**Q** 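Take a look at this one; I'll ask things after.
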Amino acid sequence: FSGTVNTADPHCLFVNDGNNQDDTPSCTTLASSISYTHAGSGFNNPNEPLPQDNSQLAAVAQQGGCYYEGPTTVTLSVNTSGVGQVSVVSKQTTSSAGADQMNLGIDNSVCRTDGTATALPLNGVIYVNDSSCTASGATACDQTANPFSPNTGGTSQVQSNCSNCYYGATASPYKEGDAFVYGSLSGHLTVAASNDVIIDKPITYKDCTWVGTASQSVCGYNDAVAANAPPNDTLGLIANKYVEVNRPIYNSSASNSNRGKPLPDCGSNGALAPPLCDPSTTTGSAGAQGLTIDATILALNESFVVNNYGTTGDEGQLTVYGSIQQNARGPVGTFGGGGGNTGYLKYYLWDPRLTLYGPPFYLTPGTASWALTSSAESYTGTCPVMPPAQPRPTSTVPGWPISGSTTCVPAS
């Protein structure tokens, strides 16, 4: 690349694909062909800082949500009546008969640890914290809790060293607060993790999912006052470190033809269960269909990224319908240069319904208020169709709450 890169980030934070860690180059010491012009970018006013961590959501989860410890799998589904459900497997969470015992003042049967499908948490928050287990003794960690752990057994296809499995993995991945998430959602939910949120398969909304086609319209707003109105589905994924798309690869013990390549597609012949499979619907061809993620994504200290994004193979289009907030911009694939494409091509679209509501207990910015001092656009595409303004109720009795007649007139 040769030219000027404009950035709002004075530290020029990008993910370094050499060691799976964020790199912090100086804006003035990069290649001479690249000029970072922070002051001249039009974004030279102080940018809005992200919150420092998501630990406040742990207390929220324990009082009306679901709180778990250690690597935890969260599978979203919709039952035959159209109601949203969640199935959770959390081997290191204190439980009795499959029910989570770590929550306060709620029906713990809602918060399961054994994969039983239940209703969504009452306040819509699931939090996965680091485990308090130890290396040995009565509170020894279950080292099979993380599917990528070399102690899991029966998964010789995967990496034997989890440092190459996903970005946020530590030397003790079997006790990290990692949330492995996928499925279809109906309702409102926030899934937060003290370490990583790892997306293992497509995540879609029941009321309206976006597959990234040119002829598709943005999702319309479901008027909450209408009879039998469906919910406006919304999912927040909040990680202290990475929110990342899973792309597991064969380890060094695999045959030469497979070594270093992505594992089989989820659901294909011979594929293991997520996250030990490739979540892309089709891989390895120009017609790859890719992956859809309907969610509001927040990576507080790292990135939204695809792990092993530079490994050979075209995964197709990564469609994100919602929003992305991240501390550093993470890569999802490579393209061009005569070597073909690897990983995903981007197709990101803002969900305009987020102007009206957001995921439960979504974190607020790091400063007390927002202030717009100027704005400018250089956009040549088609603007999203925003939902109409909601009607304003009127009543013969002044004041609030409204009583008596509730006839509505259009908002002015």
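All values derive from a computational prediction rather than experimental measurement.
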**Q** Mind running side chain to side chain contact (heavy atoms under 4.5 Å, CB included) on F304 and V320 for me, showing each step along the way?
**A** CA-CA 11 Å; F304 172 64; V320 177; 4.0 Å; yes
**Q** About how many Å separate CD1 of I203 and OG of S184, when rounded to the nearest 0.5 Å?
**A** 10.5 Å
**Q** Measure the acute angle between the ring planes of F148 and Y166, then classify it against the limits of 30° and 60° as parallel, tilted or perpendicular.
**A** tilted
**Q** Once side chain to side chain donor-acceptor pair (under 3.5 Å) is applied, do any residues pair with Y127, and if so which ones, sequence neighbours excluded?
**A** N54
**Q** Under 3.5 Å, is there a donor-acceptor pair linking the side chains of T116 and D114?
**A** yes
**Q** With rounding to the nearest 0.5 Å, note down the distance linking CG in D142 to OG in S90.
**A** 10.0 Å
**Q** Using only heavy-atom distances, determine whether the side chains of K91 and T113 contain a donor-acceptor pair under 3.5 Å.
**A** no
**Q** Before giving the answer on side chain to side chain contact (heavy atoms under 4.5 Å, CB included), spell out for E315 and V332 the whole-Å C-alpha distance, their side-chain angles and the decisive distance to 0.1 Å.
**A** CA-CA 10 Å; E315 300 284 10; V332 302; over 6 Å; no
**Q** Kindly say whether T311 contributes a backbone atom to a donor-acceptor pair with the side chain of N308 at under 3.5 angstrom?
**A** no
**Q** Only one of I293, V218, T296, T209 clears side-chain contact (heavy atoms from CB on, under 4.5 Å) with Y321; which?
**A** V218
**Q** Can a side-chain donor-acceptor contact be found between N222 and D207 if the only test is distance below 3.5 angstrom?
**A** yes
**Q** For the residue pair T93 and D100, confirm or rule out a side-chain donor-acceptor distance under 3.5 Å.
**A** no
**Q** Considering only heavy atoms from C-beta outward, does the side chain of P71 approach that of F180 to under 4.5 Å?
**A** yes
**Q** Is there a side-chain contact between P121 and N103 (heavy atoms, below 4.5 Å)?
**A** no
**Q** Tell me, do R353 and Y205 make a side-chain contact under 4.5 Å, heavy atoms counted?
**A** yes
**Q** Please round to the nearest 0.5 Å and tell me the distance separating atom CG of L237 and atom CG of D196.
**A** 12.0 Å
**Q** Nearest 0.5 Å, please: how far is CG in N307 from OH in Y242?
**A** 10.5 Å
**Q** For the atom pair CD (Q317) and OG (S280), what is the distance rounded to the nearest 0.5 Å?
**A** 10.5 Å
**Q** Looking only at atom types and distance, does a side-chain atom of N246 sit under 3.5 Å from a main-chain N or O of I199, one as donor and one as acceptor?
**A** no
**Q** Any side-chain donor-acceptor pair under 3.5 Å between Q85 and S87?
**A** no
**Q** Look only at the side chain of H188 and the backbone of N232, and say whether a donor-acceptor pair between them is shorter than 3.5 Å.
**A** yes
**Q** Can you tell me how far NZ of K261 sits from CZ of R247, rounded to the nearest 0.5 angstrom?
**A** 11.5 Å
**Q** Classify the side-chain pair N327/E302 by whether it contains a donor and acceptor separated by less than 3.5 Å.
**A** no
**Q** Side chains of T342 and T334: is there a donor and an acceptor less than 3.5 Å apart?
**A** yes
**Q** Taking the six-membered ring for Trp, are Y357 and Y221 parallel (under 30°), tilted (30 to 60°) or perpendicular (over 60°)?
**A** tilted
**Q** Looking at every non-hydrogen atom in both residues, tell me the closest pair between P279 and D200 and how far apart they are.
**A** CB-O, 2.9 Å
**Q** Please determine whether side chain to side chain contact (heavy atoms under 4.5 Å, CB included) holds for the pair Y68 and N129, giving the CA-CA distance in whole Å, both sets of side-chain angles, and the decisive distance to 0.1 Å.
**A** CA-CA 6 Å; Y68 300 99; N129 212 343; over 6 Å; no
**Q** Are N195 and D178 close enough that a side-chain donor and a side-chain acceptor fall under 3.5 Å?
**A** yes
**Q** Can you name the one residue among I238, T190, L235, L298 that meets side-chain contact (heavy atoms from CB on, under 4.5 Å) with P359?
**A** T190
